[in-house]
Amino acid sequence: MKAGLAKDQTEINKIIAEASKGSKFYENEKRKDKELTERIAKILKVRDDILREADIAKAEHSADALLTKMEEQRDLTQIIVHVDMDAFYASVELLDDPSLAGKPFAVGHGVVSTASYAARKFGVRSGMAEFVAKKLCPELIVISTHFVRYMELSKQIMDIFRRYDPTMCAAGCDEGYLNITKYCEEHLLTADDCVQEMRETVHRETKLTVSAGIAPNKMLAKICSDRNKPNGQFALEFSPAAVKAFMHDLSIRKIPGVGRVNERLLESIGIKTCGDIYTHRATLALMDRYFGLHFLLQTYLGIASNVVEPGQREERKSIGSERTFHTLSTKEDILRKLEEVAADLSEDMERTGWTGKTVTLKYKLDTYQVFTRAKSFDRWISTKKDDLFATGKELLLPELPLRLRLIGLRVTKLKDLRAEADKPGSIKRFFESAGSSPRKKRRLDEEGQKERDDNDEPRLTQDGYEDAMPGFYEHEDAEREELERGGLAETDDNGDTAPTSKLSSTAGPSRAKAPPPLEPFASSSHSVSPQKQGNVKVHSTLAPTPPPEEREPAAEEHICPICARKLATDNAGLNAHVDYCLSRSAIREAQQAGGNAPAVLKPLVLGASTGAKRKRRKG
DNA sequence: GCGGATCAC
DNA sequence: TATGGTGATCCGC
């Protein structure tokens, strides 16, 4: 058992399984697990067929030749550092409320974003449903998120990192990659001392702790940063032998790009550690299409990109918006949600200056199955809400009736409308001249600074609450591996070790898979007036929909300085809204920074013909 | 170009 | 009772 765990891992797994059992979510996980099991069975059959006739020695030779070539390209000249804040959100909350010290608490609601280390001892993990977390740890304190605060600190921290590498690459709001080669040279510092100093500086200036990994490339650095977490650092020796030794016993799951599915696929052919890659190189060479030989050989050698550069705006490939809600099945309700999403996306696109050519609708059934429908244009699309809404309807209506729990819209094939920034009349100008309340003013100032990056502008959402389940979870550090190995691990979702066979054997008849099982309730209310366009009422479309807690007695009306929307709310409501607007912006910015610069090589593909099961459904 | 899948954060 | 949102990429068709 993992040292420091307050509960036995199998006990944890049992509780999770108990809590999840019978839910639609869990049923969906089982379904996916079963499909994966079947997929693996097919791959194994293919493998057996191939190996029966193949010239193994020859395959090994070709893999070895590749390895030799790769080895020649190994570059150990750059000192790459991956820095990673420890339990970032939780640490910030702790900073702002010292009474939380030592207590098990989690940030987020509905789903855990980040768990304090005390909570982790109970098995609480990010991504875990709150009610499950509470079962694991009844005394768990759940705190709502404060994104504006996180971003404030994130910016501060990133600025510190940039002193060591001005072109450092932020990967999310709480981690990043640096190349400190130059800094170390100029300051006559060893990498270890440099990173030590950097971490101390962060702690001194923010009272937050950060862990770091030092290695010759980004992949290795990232893995190393996890090694001595929290509040520690780990440096890998810069020699081919040391790197290879490091990789040899490393679980492939530690490799960025290898998630649960790929872990299971690889495991099915006997690869659990990076060292196993070499053992099975013949199989991999013969089944390159399924497993991606190149990537795996590079991984085996511990070779990856050592290029560190900040993400660029022009690299963005898509922009979208989606939201989850309690299951809806009437056309009216569903269209209302679609319209909200369209409004969100429209606002976002206009504010950040993007258009595109393809619109993709995404929806998730109440069974958790996800589908997408896309439509391309031969022109740049209008970013007006009503036009996005219209396209969305075009894609969605033929699919109804459905019972939905999520709707999203995404635009791709983007065009940057902001080639030259700072046009007169741009939001920025408005932004800088706006502002009235003291609180607002402060925020605006902060935002103003960010502007120099020509980055995203703040973004509007529907209500003034932070509770709309924002951005992302902090990635899990340490311990996760242990958890996932346990059995019905993690969310118990099949995932890693969950006794696959068991799950699938108990699973009922495979549900219809291709088309959304539509058979819900007759969408009784076809009545409908597709309030398509007559409905330009600023109220229902532009104004935030009334939040859960009605604050209708809003005789007051304010204009949000961020999104420029008219808000029927009092001062407190406005402040909450502004906070939310800003947080969305900051989150997006942070994510964008990270998303643009993949930390690793290419994603692993482990493709596997899901084969015949694909079929265009109706119309 | 489309739809499904996987992954990161 | 109950399980996120944004973005990227790859594959097979």
Side-chain angles (χ1 to χ4, degrees), chain A residues 16 19-20 22-26 28-29 32 35-36 39 84 88 108-114 126-135 145 170-175 222 255-263 265 289-290 292 311 315-324 326 341 344-345 348 357-358 360-362 364 368-376 395 405-406 408 410 412-414 459 461 468-476 490-493 513-514 584 587-588 590-600 602-617:
Chain A
I16 295 174
S20 306
S23 68
K24 286 181 171 161
F25 177 82
Y26 182 63
N28 186 247
E29 294 299 314
K32 286 194 295 186
E35 287 176 14
L36 178 56
R39 185 174 151 195
D84 194 339
F88 186 51
H109 64 228
V111 179
V112 174
S113 283
T114 306
S126 52
M128 185 176 276
E130 181 181 331
F131 76 93
V132 175
K134 280 242 168 98
K135 289 222 161 102
T145 49
C173 67
D174 74 328
E175 59 183 272
K222 176 154 179 60
I255 305 303
V258 177
R260 295 172 199 201
V261 171
N262 287 336
E263 179 188 33
L265 287 170
R289 178 172 147 256
Y290 293 87
E315 289 172 17
R316 198 205 256 248
K317 300 279 198 303
S318 76
I319 180 170
S321 177
E322 66 185 58
R323 69 179 49 179
T324 293
H326 73 272
V341 169
D344 256 18
L345 179 57
D348 203 5
K357 284 191 174 173
T358 300
T360 302
L361 166 79
K362 168 180 172 181
K364 190 189 285 181
Y368 289 87
Q369 292 167 98
V370 174
F371 298 86
T372 60
R373 297 289 178 261
K375 177 177 165 81
S376 290
L395 292 165
R405 67 171 353 262
L406 173 146
R410 179 161 299 275
T412 52
K413 310 254 170 53
L414 295 188
R459 171 196 213 232
T461 330
M469 199 49 232
F472 49 86
Y473 299 99
E474 173 186 350
H475 82 312
E476 304 168 30
E490 189 80 272
T491 34
D492 182 80
D493 59 27
K513 47 175 53 169
R584 291 302 293 256
I587 292 161
R588 176 179 305 271
Q591 284 185 310
Q592 204 183 330
N596 280 337
V600 228
K602 300 180 220 159
L604 175 53
V605 183
L606 306 205
S609 47
T610 334
K613 87 169 166 202
R614 212 146 306 172
K615 203 150 219 162
R616 177 64 182 161
R617 32 177 281 92

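Only a predicted model underlies this, so the values are computations on that prediction, with no experimental measurement involved. Basis for what follows: all heavy atoms, side chains included, without hydrogens, waters or symmetry-related copies.
Considering only side-chain atoms of A/K413, the nucleotide from B/dG1, C/dG7, B/dC9 that sits closest is B/dG1. The side chain of A/A129 approaches C/dT3 more closely than any other nucleotide in the set C/dG12, C/dT3, C/dA8. Distance from the side chain of A/V111 is smallest to C/dT3 among C/dG5, B/dC9, C/dT3. Closest contact between the side chain of A/K362 and the listed nucleotides B/dC7, B/dG4, C/dT6 involves C/dT6. Distance from the side chain of A/R410 is smallest for C/dT6 among the nucleotides C/dT6, C/dG4, B/dG4. Considering only side-chain atoms of A/K317, the nucleotide from C/dA8, C/dA2, B/dG4 that sits closest is C/dA8. Side chain of A/E175, nearest nucleotide from B/dC9, C/dT3, C/dG7: B/dC9. The A/Y368 side chain lies nearest to C/dT3 when the options are C/dT3, C/dT6, B/dG3. Set against C/dG12, B/dG4, B/dC9, the side chain of A/R289 has C/dG12 as its closest nucleotide. Comparing atom distances between the A/R405 side chain and each of B/dA5, C/dT9, C/dT3 picks out C/dT3 as nearest.
A straight line from CG of A/D174 to C1' of B/dC9 spans 8 Å, rounded to a whole angstrom. Distance NZ (A/K222) to C1' (B/dC7): 12 Å, rounded to an integer number of Å. Rounded to whole angstrom, the span from the CD atom of A/E322 across to the P atom of C/dG5 amounts to 6 Å. Rounded to a whole Å, the CD atom of A/E29 is 13 Å from the C1' atom of B/dT6. Spacing between atom CG of A/L361 and atom P of B/dC2 amounts to 13 Å, rounded to whole angstrom units. Rounded to whole angstrom, the span from the CZ atom of A/F371 across to the P atom of B/dA5 amounts to 8 Å. Note: CG (A/N28) to P (C/dG4) measures 11 Å, nearest angstrom. In this structure, the CG atom of A/L406 is 17 Å from the P atom of C/dA2, given to the nearest Å.
At the phosphate of B/dC2, OP1 or OP2 sits under 4.0 Å from a side-chain N or O atom of A/S376. Within the structure, every side-chain polar atom (N or O) of A/R260 is placed at least 4.0 Å from both OP1 and OP2 of B/dT6. Between B/dA5 and A/R39, no contact under 4.0 Å exists linking OP1 or OP2 to a side-chain N or O. For A/R323 and C/dT6, the shortest distance from a side-chain N or O to OP1 or OP2 is not below 4.0 Å.
Listed by chain and residue number, A/E130 satisfy the salt bridge (charged side-chain N to carboxylate O under 4.0 Å, His left out) test with A/K134 (two or more places apart in sequence, or in another chain). A/T360 meets the side-chain hydrogen bond (donor to acceptor under 3.5 Å, both in side chains) test with no other residue; sequence neighbours excluded.
Here the closest heavy-atom approach between residue A/R410 and residue A/L345 is recorded as N-CD2, 4.3 Å. Heavy-atom minimum distance, A/G257 versus A/N262: O-ND2, 3.5 Å. Shown here for A/S318 and A/T412, the closest heavy-atom pair between the two residues is CB-CG2, 3.5 Å.
In this structure, A/T360 reaches neither bases nor backbone, as no heavy-atom distance under 4.0 Å exists between it and the strands shown. Looking at heavy-atom distances under 4.0 Å, A/K24 makes no contact with the nucleic acid at all. At the heavy-atom level, A/S23 lies under 4.0 Å from base atoms of the strands shown.
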message: Pair A/K32, A/E29 - check salt bridge (charged side-chain N to carboxylate O under 4.0 Å, His left out), show working.
response: CA-CA 5 Å; A/K32 286 194 295 186; A/E29 294 299 314; 3.3 Å; yes

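For the C1' atoms, the distance from C/dG4 to B/dC7 is 15 Å, rounded to whole Å.
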